[in-house]
Amino acid sequence: GGVTCRNSSGCLDRIEFESDGLAGTMPLELQNLTDLRFIILEEGATGGTIPSEYGTFPRLHILDLNFNSFTGSVPVELYNTPFLLQLDLND
């Protein structure tokens, strides 16, 4: 888990915190990380709504938010994320 950068470019590629009790809401500032491909926040204590701004990640492949405490609906913007291959939202 943790944070991973791509070797060649040094860009932030992955944010992964599984089963660590990470709490709070998803920060809007993540949308500024345009090279981010993986957001994995599985089995934490993250809640609130999923920001619609997360649909603007141009390279996002996986958004794994399984087993958290999110409310509201899935933002329609996520359906337009061009490279999104996996969206996990199990309770």
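What you see is a predicted model; the values in this text were computed from it and never measured. We're numbering straight along the sequence, starting at 1.
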So do [Y] and [X] actually touch side chain to side chain, heavy atoms under 4.5 Å?
X: His61; Y: Arg37; result: yes
X: Asp13; Y: Leu36; result: no
X: Leu30; Y: Tyr54; result: yes
X: Leu87; Y: Val74; result: yes

Go through the structure and list residues passing side chain to side chain contact (heavy atoms under 4.5 Å, CB included) with [X], not counting sequence neighbours.
X: Ser52; value: Pro75, Glu77
X: Asp64; value: Ile40, Glu42, Ile62, Asn66, Asp88
X: Leu28; value: Pro51, Glu53
X: Val3; value: Leu12, Phe17

For Phe70, run the side chain to side chain contact (heavy atoms under 4.5 Å, CB included) check against Leu41, Leu89, Thr46, Thr49 and tell me which one passes. Thr46

Between Phe57 and Leu85, is there a shared hydrophobic cluster once you connect ILVMFWY residues whose side-chain heavy atoms come closer than 4.5 Å?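 As far as the 4.5 Å side-chain criterion goes, Leu85 and Phe57 are not connected within one cluster.
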
Is there a chain of hydrophobic side chains (I, L, V, M, F, W, Y, each step under 4.5 Å between heavy atoms) that links Leu78 to Leu33?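 Both belong to a single hydrophobic cluster.
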
Any pair counted as salt bridge (charged side-chain N to carboxylate O under 4.0 Å, His left out), so long as it reaches residues 23-35, sequence neighbours left out: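 Those involving residues 23-35 are Asp35-Arg59.
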
Phe67 versus Asp91, closest heavy-atom pair with distance: CE2-O, 2.9 Å

Could you tell me which non-hydrogen atom of Pro58 sits nearest to which non-hydrogen atom of Pro82, and how far apart they are?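 Scanning both residues completely, I find the closest heavy atoms to be O-CG, 3.7 Å.
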
Quick one: list whatever passes salt bridge (Lys or Arg N to Asp or Glu O under 4.0 Å) with Glu16, sequence neighbours left out. Arg14

Nearest-0.5 Å distance, CG of residue Asn90 to CG of residue Asn68: 11.0 Å

